[in-house]
Structure formats: structure tokens, C-alpha cells
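Order of the sequence lines fixes the chain letters, A, B, ..., with proteins taken first and strands second; residue numbering starts at 1 for each chain. Just so it is clear, the values below take in all heavy atoms, side chains as well, and ignore hydrogens, waters and symmetry mates.
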There are 2 protein chains.
Amino acid sequence: MPSDSSHLNNHRGPAGVGTRPRDAWLPGRSADELAARLRAAGQRVTPQRLLILGAFARPGEHLTAEEVYARVGALAPAINRSTVYRTLELFRDLGLITETDLGEGARHYELLDDGRHHHLICRDCGGMLVLDDEIVAPLRAAIQERYGFEVTIDHLALFGRCKECQRASS
Amino acid sequence: MPSDSSHLNNHRGPAGVGTRPRDAWLPGRSADELAARLRAAGQRVTPQRLLILGAFARPGEHLTAEEVYARVGALAPAINRSTVYRTLELFRDLGLITETDLGEGARHYELLDDGRHHHLICRDCGGMLVLDDEIVAPLRAAIQERYGFEVTIDHLALFGRCKECQRASS
DNA sequence: TGCGCAGATGCAAATACTCGCATCAGCACA
DNA sequence: TGTGCTGATGCGAGTATTTGCATCTGCGCA
């Protein structure tokens, strides 16, 4: 379906909706905060959405879509798998959570807070390093300056070979 | 399976095998070149592998795994879908092809040549810009310097909002 | 050239994710 | 508060990808 990109903007409401705020929104535990955030983006507040955000206990915890589905299903069995996937996509676009492919077969989602971080993953040993956002920030700035493109780099996973594995095979 | 990373190095041969050459390897059309490249990496030369690389007609052409499978299947119907997926993964690790999630539901593979490029994709309008590797190179260098990590950034897809969509919603 | 082992493949099932469509329900407006 | 429109959800089917295991085969070695 390479020529079909309609799904890319299929949950935008009217004028200005979906705009990511300039100031990062600190993830709140309260339903009220999510409700306000959704309404500000022209999105509806539904019990499903509240539950799905609630599945993220704390920032820093990685969850796959299936794990979110399992947690939510324990509380409200009627919630559908598709709704979970679609809602995670929405939250990602709103900047509430990050979505990352850590190379483990399923994408991981995480509450987004101000202390952004990224990962370096070794394809040889599987080891994972934390990459400071300070290293990534210049890329964001350069893209903004050169292309006027507001890029979202919230939780990058980059692959390669760690120092140890390079040494081991040289 | 978050704790299982054994698959990350399951197609490495003995000593030094799997090492990516410092000098980029220009993708060759000839089976001989692939054979030499595979043997140098301690990998076996099989008809399946030759066919799968052959599916990439030219650099610059994006193919999904299913498209590769379809092309290869037209020539040799016996080749299995799993083999295609596993072989693409191998070629990616050897630096022969790039793997990118362009947000279209299936990952795209492309022959890697020296003129690396990346993509900026607008989540609002679906538009795609080409991002010059010159902008990304400093990140690669910074990671190498700070972490001693040899990162592979061959074909990045970054998402965000293009200049026009920013303007339209402000 | 023949033998054997480790790695590659085929197969089938399981998991991960996407999509179209009918129905349902927030929320704007009367 | 009631009504209707539009976006959200449930559902089911389809596509994409991964995995374990049995079998097969490339290639090093005798």
C-alpha cells in the first residue's frame, strides 16, 4: 500500500487539532489531565482511552501493545485489541508516549517525560546502552534549521556494534 | 521475550565473522561478488541467497519483504517466506541492504550504496522529504566518540510535521 | 571424492499489527 | 435536557513477522 498514506492523518480533528504543544506535557496520573489534553487536541474523552493511559504505571517502564492489552483486559475485558493499537498510535502522535522498535519482535511504548533518552543496541551481543538526548539534540536542531521540519525524536533505538564486540572480532 | 536476545547474534560464524567492512561494499549484480562477500563473513553461499539479492534490481528501489518474496517466488516457487525474512535480516547485518520502517505497515528494504540518504515523514500530510546524510553524519561521529559504539545509520526514517502543516495549524 | 557437522531451509503455528465496515456514543448545538 | 453528526469502538479478516523444530546441504576435512 505504498501509495496510501491517508491513515497518517486520519485522527486529526478540524483546524489546529493534533498540534503538539511546544511545552512538553508532564504525564499525569489523573484522568482529568488526560481529558484536558485530549479535548485540547480536539479528541474525544472515552473510558477506553483513560484505561489505556492508566496501563502505564510509571515513566521508564517499557510496554508492548500486547502487554497494554493484557493489563487493560484484566480491568475491562470488553476493550478490543484494535482499540489498544489505535489508541497507542494516537497517544504517540499527541506526544504522550513514545514508540520504539528495540528489535525484539514487538514495538515498545513508554510514557514520555522531559528526560528523554535513547538506546544503542549491539547486534552482536544484544547489549543495550543508554544514549543521552544531548547527543541527539543537535540533529533535531539541524533538521529544524535546514528543512523547517519539526521532527519528533523522543526515543530512538540505534543499532550497531559495541566497543567490546568490535575489539573481540578485530 | 524481552530477556531473550540470543537471536541477535545467531548467524555469526566463528572469529571475526560478521564484521562489517570499513570500506562500503558497492552492491554488485554478480553472484560472484555476493558469494565472496558471504564467504568472507563466514556465511554459506546458497541459491536462495543469490536469488534474494537478485530481487533488488537497482539501488534506490524500495521493496518490502513480501515483494521480495513475490519476485523470488516467480523464479523459484519452492523458496520459503521465512527464508526471505531471515535472509533479509542477514543482508542487513552484513551491510548489503538497509531496513526501514516508513510507517506504511511493512518494512522496506533497499540496496545500500555509498550515497546514503534518509527520510523525513510528515504525520499530518504524509509527505516525505529526503534528508541528506550530511546532517546525520555528526550524530554517527558523536556516538563513536562518546561511546566507542560503531552505529549503523544507513537509512533513517524520522517522523514529525513539515513546514506547511505547521503553518496550516498555527 | 566421500563423510560429517554446523548452519540453512522448509514448514507450520503463533504472534504482531493493520484495515474496512457496521454500530455506538461523546459532545456541539438547539 | 434532547438530538444528530462525526469520530471512536468492536469485530473479523487479512497481512506482516517471528519462532521452534525436523530435515537438508554447503563446505571443511580426511
Side-chain angles (χ1 to χ4, degrees), chain A residues 1-2 4-15 17-18 34-36 38-52 63-70 72-73 76-92 99 101-109, chain B residues 1-2 4-14 17-18 34-35 38-52 63-70 72-73 76-92 99 101-109:
Chain A
M1 69 181 71
D4 173 21
S5 60
S6 60
H7 67 285
L8 289 172
N9 59 354
N10 66 356
H11 49 63
R12 299 294 167 186
V17 144
L34 174 61
L38 285 172
R39 268 189 269 264
Q43 296 291 327
R44 293 186 184 166
V45 177
T46 69
Q48 289 89 340
R49 290 176 174 179
L50 297 176
L51 276 169
I52 291 168
L63 292 178
T64 65
E66 293 295 323
E67 285 165 346
V68 171
Y69 177 63
V72 164
I79 291 188
N80 193 271
R81 186 177 258 105
S82 300
T83 301
V84 171
Y85 278 92
R86 282 186 288 228
T87 302
L88 290 172
E89 186 186 342
L90 171 67
F91 287 173
R92 177 201 66 197
E99 177 188 70
D101 180 359
L102 295 171
E104 288 176 352
R107 281 175 251 172
H108 284 67
Y109 297 87
Chain B
M1 70 186 67
D4 172 22
S5 60
S6 62
H7 67 286
L8 289 171
N9 59 354
N10 67 356
H11 48 61
R12 301 291 167 184
V17 142
L34 174 61
L38 285 172
R39 269 189 269 263
Q43 298 291 327
R44 293 188 184 165
V45 178
T46 69
Q48 289 89 338
R49 291 176 173 180
L50 298 175
L51 276 169
I52 290 168
L63 291 179
T64 66
E66 293 295 320
E67 285 165 348
V68 170
Y69 176 63
V72 163
I79 291 188
N80 193 271
R81 187 178 256 105
S82 300
T83 301
V84 171
Y85 279 93
R86 283 187 285 231
T87 302
L88 290 173
E89 186 185 343
L90 170 68
F91 288 174
R92 177 202 65 196
E99 176 189 71
D101 180 358
L102 295 171
E104 287 175 353
R107 280 177 252 173
H108 285 67
Y109 297 87

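- Separating the CG atom of A/L102 from the P atom of D/dT17 is a distance of 17 Å, rounded to the nearest angstrom.
- OP1 and OP2 of D/dG7 both lie 4.0 Å or more from every side-chain N or O belonging to A/Q43.
- In this structure, CZ of A/R92 is placed 13 Å from C1' of C/dT18, rounded to the nearest angstrom.
- Counting to the nearest Å, the P atom of D/dA16 and the CD atom of B/E89 are 18 Å from each other.
- In this structure, CG on A/L63 lies 11.0 Å from OH on A/Y109, to the nearest 0.5 angstrom.
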Distances for protein N or O near nucleotides 9-12 of chain D N or O, under 3.5 Å:
residue, atom, partner, partner atom, Å
D/dT9, OP1, A/T46, OG1, 2.7
D/dT9, O3', A/Q48, NE2, 2.9
D/dG10, OP1, A/Q48, NE2, 3.3
D/dG10, OP1, A/A78, O, 3.3
D/dG10, OP2, A/N80, N, 3.0
D/dG10, OP2, A/T83, OG1, 2.6
D/dG10, N7, A/R86, NH2, 3.0
D/dG10, O6, A/R86, NH1, 3.4
D/dG10, O6, A/R86, NH2, 3.2
D/dC11, N4, A/S82, OG, 3.1
D/dG12, O6, A/S82, OG, 2.9

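- Rounded to a whole Å, the CD1 atom of B/I52 is 8 Å from the P atom of C/dG10.
- Between the CG atom of B/L90 and the C1' atom of C/dT9 there is a distance of 13 Å, rounded to whole Å.
- Rounding to whole angstrom units, CG of residue A/L50 and P of C/dG26 are separated by 11 Å.
- Each end of the helix from C/dT1-D/dA30 to C/dA30-D/dT1 gets its own axis, taken as the rotation carrying the C1' atoms of four end pairs onto the next four within a five-pair window, and the two axes meet at 30° to the nearest 10 degrees.
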Can you pull every protein N or O that's under 3.5 Å from an N or O on nucleotides 3-6 of chain C?
residue, atom, partner, partner atom, Å
C/dA6, N3, B/R44, NH2, 2.9

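- Considering only side-chain N and O atoms, B/R107 lies under 4.0 angstrom from the phosphate OP1 or OP2 of D/dT18.
- For A/A76, the side-chain contact (heavy atoms from CB on, under 4.5 Å) partners at least two apart in sequence or on another chain are A/L51, A/I79.
- With sequence neighbours excluded, the residues satisfying side-chain contact (heavy atoms from CB on, under 4.5 Å) with B/R49 are B/L38, B/Q43, B/R44, B/T46, B/T87, B/L90, B/F91.
- Counting to the nearest Å, the P atom of C/dC17 and the OH atom of A/Y109 are 6 Å from each other.
- For B/Y69 and D/dT15, the OH to C1' distance is 13 Å, given to the nearest whole Å.
- In this structure B/Y85 satisfies the side chain to side chain donor-acceptor pair (under 3.5 Å) test together with B/E66, sequence neighbours excluded.
- Within the 4.0 Å cut-off from OP1 or OP2 of C/dT18, not a single side-chain nitrogen or oxygen of A/Y85 is found.
- Distance OH/B/Y69 to CG/B/L88: 13.0 Å, rounded to 0.5 Å.
- Taking the side chain as every heavy atom from C-beta outward, B/T64 and B/R107 never approach each other to under 4.5 Å.
- Remark: A/N80 pairs with A/S82 by the side chain to side chain donor-acceptor pair (under 3.5 Å) rule, at least two apart or across chains.
- The distance from atom CG of B/L50 to atom CD of B/Q48, rounded to the nearest 0.5 Å, is 9.0 Å.
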